[in-house]
Amino acid sequence: MRINEHPILDFQRGEEITFFFDGQEIKGYEGETIAAALHAAGVRVLGHSPEKHRPRGLFCAIGNCSSCLMIVDGEPNVRICVEKVKPGMQVETQQGKGCLR
């Protein structure tokens with residue numbers, strides 16, 4: 001699910017790295033966002049709505065909404081659509097409403 005070729009854009013992908021999502025090893029590339037790496041790995045549900053527990057996926061992908069909030073290396077409320085993936089990082093699904101800063 002990762003775009004490798006595009007007729008207009010040139011992808012300058014870094015080295016392949018490994019990080020962890022809810023304890024599962026995931027591959028990504030230096031320079032890409034956590035959300036992009038998860039999407040390429042087949043992860044579509046990033047959380048659930050607080051009241052009705054409906055699945056939430058990537059929505060705006062530019063850091064303006066709160067659909068992609070997760071816990072990254074112990075820090076809650078990280079917008080993974082704009083946060084770059086790093087080797088060995090621990091990404092966890094965030095339960096509940098969270099508290100935006």
First locate atom [atom1] of [X], then atom [atom2] of [Y], and finally report the distance between them rounded to the nearest 0.5 Å.
X	Y	atom1	atom2	value
Arg79	Cys65	CZ	SG	7.5 Å
His39	Ile80	NE2	CD1	11.5 Å
His48	His53	NE2	NE2	9.5 Å

A quick test of your reading: do over 12 heavy atoms of other residues, nucleotides or ligands sit less than 6.0 Å from [atom1] of [X]?
X	atom1	value
Glu16	CD	yes
Phe20	CZ	yes
Glu25	CD	yes

Identify the heavy atoms of [X] and [Y] that sit nearest to each other, and give their distance.
X	Y	value
Leu46	Gly57	CD1-C, 3.9 Å
Glu92	Met70	O-CB, 3.3 Å
Gly28	Ala37	CA-CB, 4.1 Å

ILVMFWY network linking [X] to [Y], side-chain heavy atoms under 4.5 angstrom:
X	Y	result
Phe21	Val78	yes
Leu38	Leu69	no
Ile17	Val91	yes

>> Applying side-chain hydrogen bond (donor to acceptor under 3.5 Å, both in side chains), can you list everything that pairs with Lys27, at least two apart in sequence or on another chain?
In response: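 Testing Lys27 for side-chain hydrogen bond (donor to acceptor under 3.5 Å, both in side chains), a comparison that skips the adjacent residues, returns Thr18.
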> By side-chain hydrogen bond (donor to acceptor under 3.5 Å, both in side chains), which residues pair with Asp22, not counting sequence neighbours?
Replying inline: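 Asp22 satisfies side-chain hydrogen bond (donor to acceptor under 3.5 Å, both in side chains) with Thr93 only.
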Only distances under 3.5 Å count here; give the side-chain donor-acceptor pairs of residues 81-89 to other protein atoms, sequence neighbours excluded, each with its distance to 0.1 Å.
| residue | atom | partner | partner atom | Å |
| --- | --- | --- | --- | --- |
| Lys84 | NZ | Gly31 | O | 3.1 |

>> Taking side chain to side chain contact (heavy atoms under 4.5 Å, CB included) as the definition, give me every residue that meets it alongside Ala61, ordered by chain and number, with sequence neighbours left out.
In response: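 Only Leu58 meet the side chain to side chain contact (heavy atoms under 4.5 Å, CB included) criterion with Ala61.
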> Is any side-chain heavy atom of Arg56 less than 4.5 Å from a side-chain heavy atom of Pro50?
Replying inline: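 Answer yes - side chains close enough.
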